[in-house]
Amino acid sequence: MSLQKDLISARSRMEGILLATLSFAFSIVGMIVLILMLAAFQYEINMNDVFYYSFVDVFLSPKNLSLILFWATPLLLTGLAVAVAFHAGLFNIGGQGQLILGGCFSAIWGAFIIPDLPSIFAKPFLALPTTILAGIFAGVIWGAIPGLLKAYTGAHEVIVTILMNQISYAVVGYLIVNPDYSPFVDKTIVDAYNQTPPIVPGARVSPINEFPNLILPAIAFEIIMISVMSFFLFKTEQGRLIRSAGSTDNPSISTKQSVLYITMGYFASISVAALIVVPITVTSGYLNPTIFLVIGVAILMYFVIYRTNVGFSIRAVGSNKTASEVSGIESKKYIVIAMAISGGLAGMAGSMIVVTSETYRYIAGSEGQKGFTGIAVALIGQNSPFGIIIAALLFGMLTQGRINLDRVTDVPSDVIYALQAMLVLFVAAPLLARRFSARVKRLRDKISDKLTDEMEES
Amino acid sequence: MTDEPQIIRSIFSKKLLKNLIIVLIAAEIFVLILYFANSFYRNFFILPGVYHDQMWGLMLSTRVFKLMIAFAVPIMLAGMGGTFNERAGVINIGLEGIMIFGAWFAVYFTYITGDPYMGILGALIAGVVVSLLHAVFTITFKAEQIVTGVAINLLALGITEIFTEVVWGNPGRSDPVKKLKLINLYDLPVIGGLTDKFPNFIFPAILFLAILFTMMSLFLFFTKPGKSIRNVGSTENPSNLSSTRSVLYMLLAYLASLAIATFIVEPENLRFRNYFDVPVIGKILQYMPDPIEGLSGHNELVYIALFLVPICHVILFKTSLGLRIRVMGEHPGAAATAGISVTKYQYIAVVISGALAALGGAVMSIGFTSSYSTNMIGGRGFTALAAMIFGAWFIFGTAFAALFFGFFYSLSVKLGVGAVDGFTLPNPFLQMIPFIVAILALAGAVKGARPPASIGKSFDPES
């Protein structure tokens, strides 16, 4: 069964934005209805608190802003994971399991294996990449199994990945939960369970909090950078080509050029992001640099999906399996590859959680619902890596809102989970938003007709 | 031997024997895998003979059988719901979420009214409402069905958590409520026997029934009208039975009637353990799970669920409603051309499935335990989907597959408590067993099974 992609992905970029916005509005209405329903049964939830802490307060302090970026990091990766599988016509619901195993294995690598290796492995330039690779590796394995089963036996990938989620809870349960039999639990703490020891210092990524002397030069550099970039983008021929590289309909430039341009675009966007974000957030001491790495991964995935043979084959298999087989693409192979990439991305999300977490260890259950939220991120982002960046920031905001709710108010913070679920529900039904917007348009036309009639009469 | 009924012939045919041998070999492989996993885990080989004896003893024990029924029922209910759903062409990944809602609302309604039957009603209402939500989105608004199902699962997790926190004040666990009654089969009026009620009735009853059956068999086999009755039954072969054979049958009928009468008035005779001292059969019976004992002592919903299996089968495969539901999954265009409303029957199927799945959740919450807790359902809705595929989208197949998965759930619980000497595989490995078996079953079963043709596609009359 192939997913009906035309229902999920929008027909044009404008429509995509409209759909996402409308779905968000619908789900907020849904949440209000839920709260009112509870109020009707005399169970009060303070609606003011919900909206203030989840939508307003999150923007009011540099700390909150940088934490939004922090929460967006794993969500961006799990969203990409779901999107890559979508492009192959597969639905990877196993992001949660792949993320859990990724986190668990990178923590095991960082805390147990690196100390036994030659000391060069403990240096940051080797420790950090290998730790992340360990997570990716676990995710690839866990994603490739459903892919293989789907390709060679026809077992439905949705149900297999769901069942593998349950298995991964059990695997983690064996590896790190119970001190009686778990080989990788942190035994240095008495009655510790559910967590590995902290990873080696070289593999840690701590928030940027001290380069006070760099801020002013950085800002100056950024301003120069931005002006050069915008001149280049909008006033030169190459800039025009870069802009057209973004629109997939017009692949008029060669691959080599597009690599160059996309790389430049990456640095440019990083600079923009840094210009806006760094001065605000760096002072808070909570800005984690992994977000920039992850945005790089998103851009890499854009390149892989839209500009390489593998990506082309994956998309071909996703849009029509039979036709792609007729034209010589081995669909089974690319189903496995797509699932493996997808799993690897989700596994990387797990290792990101580990290398940036507060205690630098993997704690079972600390990942929350990030794997499942990836589905919502991919849907809101319309399966395009750039859309997913924005969607991940949106969900990062919601996560920070949930934490604020938990910390400050006595409102059940799960309202945010409910909101996310409604968001998925409404994004899945673009017909709803389309009908709604068509009705609004008709109403607007009617009103404007009426107004013009009245004006003509008067 | 042409006069034996078809079913007896099929039992002794090679195919069944072959399947039985395959099942036995698979079970043996499973036992061996557990043996080697345990040995490698402990770096120590336990005695294989003792291990085999105890492991097979456990797998065929009555307590595993009893727990198998209990664990199979939620999966069975949700799986049957899923069968209705998918036969109508609508995928429902949200079964897990509907089960969670069912479990929560069963506890909530019981908490409010103090009556577990109201809890069942509450679960049904919740199931119907949530499945209506699924139906509105997938059928009316033509949403992507898998995504909607995922959304319902997420919604169930979020909303039940909020509700638990606002109603009982602590997240994750509800207050205990009244459970459903347990039913002991031996206490029931008919199966449970007449002994207590009519102490002097035993011998007259046996005698009466025996004479009745004997007269019936005499009539059937030795009179002209009886012969013609039997001829009506076997249209292919209206020849006479030989008289020795008919005497044999008569005796068998007499003994059977005697046995039935005995069991009705003295249900203790149904228990296997009363026959353990019989020379050969007793040894076999010692190793077999006692079916009546295993079926006895469950809560009421379990029996309702078991009765629902044939009822659902009849509804889906023997009525015009079922035919219409099945058409929606195979060729909705044809149904629409014949003037049947596709939307209506898809809605009906989705709502039936929601009610069944919510009932499955209620079994978990007010049937087995007395409160709701997070992660209570623990992936059973997904196992139900696997059971539905393994059962090839048939009600009886799904029920059988649910029993199959229930067996592994039950084994994974019963293996943990030192049931087999020297078997110390940690708990998480045992928890994986049902899911690994489900994945293997999916990978192996799919080749033979064919899903409904237009599954997962929203019906669009204009295309």
Side-chain angles (χ1 to χ4, degrees), chain A residues 1 3-4 7-8 34 38 41 43-45 91 93 145-146 149 152-156 158-160 162-167 169-175 177-178 180-182 369 372-373 375-376 379 412-432 435, chain B residues 41 91 93 96-97 133 136-138 140-167 171 378-379 381-383 385-386 389 424 426-432 434-436 438-439 442-447 451 455-458:
Chain A
M1 187 211 65
L3 286 163
Q4 296 153 298
L7 279 177
I8 294 176
L34 180 72
L38 279 173
F41 286 94
Y43 298 115
E44 299 288 344
I45 287 182
F91 200 163
I93 307 190
I145 293 170
L149 288 175
Y152 293 99
T153 70
H156 201 305
V158 170
I159 297 170
V160 173
I162 289 175
L163 293 172
M164 296 213 23
N165 283 347
Q166 304 290 335
I167 296 177
Y169 290 125
V171 170
V172 170
Y174 166 65
L175 288 176
V177 165
N178 193 330
D180 290 345
Y181 49 72
S182 298
Q369 301 270 343
F372 290 119
T373 313
I375 299 165
L379 290 170
S413 59
D414 291 293
V415 288
I416 299 295
Y417 280 142
L419 179 77
Q420 287 176 358
M422 284 182 211
L423 205 47
V424 178
L425 197 60
F426 285 110
V427 175
L431 198 64
L432 190 70
R435 273 191 199 169
Chain B
Y41 178 71
I91 298 177
I93 300 286
E96 171 95 359
L133 185 73
V136 166
F137 271 89
T138 54
T140 306
F141 292 118
K142 305 195 182 348
E144 168 58 41
Q145 291 168 0
I146 293 177
V147 182
T148 312
V150 171
I152 284 180
N153 289 337
L154 293 175
L155 207 58
L157 286 175
I159 286 187
T160 51
E161 282 296 284
I162 302 171
F163 285 3
T164 313
E165 199 167 335
V166 295
V167 174
F382 304 133
T383 317
L385 289 171
I389 296 174
T424 53
N427 222 13
F429 284 117
L430 306 177
Q431 285 164 9
M432 284 177 217
F435 299 109
I436 293 176
I439 289 178
L442 279 182
V446 166
K447 275 174 193 162
I455 194 164
K457 297 174 192 140
S458 318

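The chains referred to below are lettered A, B, ... by the order of the sequence lines, with proteins before strands, and numbering in each begins at 1. What you see is a predicted model, and the numbers here were worked out from it, not measured in a lab.
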Discussion item. For the backbone of Tyr174(A) and the side chain of Ser182(A), can you confirm whether one donor and one acceptor N or O come within less than 3.5 Å of each other?
Written reply: yes
Practice prompt. Answer with side chain, backbone, both or neither: which region of Leu149(A) has an atom nearer than 4.5 Å to a non-hydrogen atom of chain B?
Written response: side chain
Worksheet item: Side chain, backbone, both or neither: which part of Val171(A) has a heavy atom under 4.5 Å from chain B?
Response: both
Worksheet item: Who wins among Gln431(B), Glu161(B), Glu96(B) for the most heavy-atom pairs under 4.5 Å with chain A?
Response: Glu161(B)
Discussion item. Let's test your reading of the structure: which of Val167(B), Thr148(B), Ile93(B) forms the most heavy-atom pairs below 4.5 Å with chain A?
Written reply: Val167(B)
Discussion item. So which atom in Asp414(A) and which in Gly158(B) form the shortest heavy-atom distance, rounded to 0.1 Å?
Written reply: CB-O, 3.7 Å
Worksheet item: Which bit of Leu163(A) comes within less than 4.5 Å of chain B, counting heavy atoms only: side chain, backbone, both or neither?
Response: both
Discussion item. Please report the interatomic distance CG(Leu157(B)) to CD1(Ile152(B)), rounded to the nearest 0.5 Å.
Written reply: 12.5 Å
Worksheet entry | Worked check of side chain to side chain contact (heavy atoms under 4.5 Å, CB included) between Phe141(B) and Val136(B) | CA-CA 6 Å; Phe141(B) 292 118; Val136(B) 166; 3.7 Å; yes
Worksheet entry | Engaged part of Leu34(A) at the chain B interface, taking heavy atoms whose separation is under 4.5 Å | side chain
Discussion item. So for Val166(B), is it side chain, backbone, both, or neither that comes closer than 4.5 Å to the heavy atoms of chain A?
Written reply: both
Practice prompt. Let me know if Val158(A) has heavy atoms under 4.5 Å from chain B in its side chain, its backbone, both or neither.
Written response: side chain
Worksheet entry | Within-4.5 Å side-chain heavy-atom neighbours: Thr383(B) and Phe435(B) | yes
Discussion item. With a 4.5 angstrom heavy-atom cut-off, is it the side chain or the backbone of Ile436(B) that approaches chain A, or both, or neither?
Written reply: both
Worksheet entry | Leading residue by heavy atom contact count with chain A [cutoff under 4.5 Å; candidates Ala438(B), Pro426(B), Pro428(B)] | Pro428(B)
Item to complete: Among Ile146(B), Thr138(B), Leu385(B), find the one that has a side-chain contact (heavy atoms from CB on, under 4.5 Å) with Ile91(B).
Response: Ile146(B)
Worksheet, complete the sentence: Interface check, chain A: of Asn427(B), Thr140(B), Leu133(B), Ile162(B), most non-hydrogen pairs under 4.5 Å belong to Ile162(B)
Discussion item. Which one wins on heavy-atom pair count under 4.5 Å against chain B: Tyr169(A), Tyr417(A), Phe426(A), Tyr181(A)?
Written reply: Tyr181(A)
Fill in: Interface moiety of Gln369(A) toward chain B, non-hydrogen atoms closer than 4.5 Å
side chain
Worksheet item: Where on Leu38(A) is there a heavy atom nearer than 4.5 Å to chain B: the side chain, the backbone, both, or neither?
Response: side chain
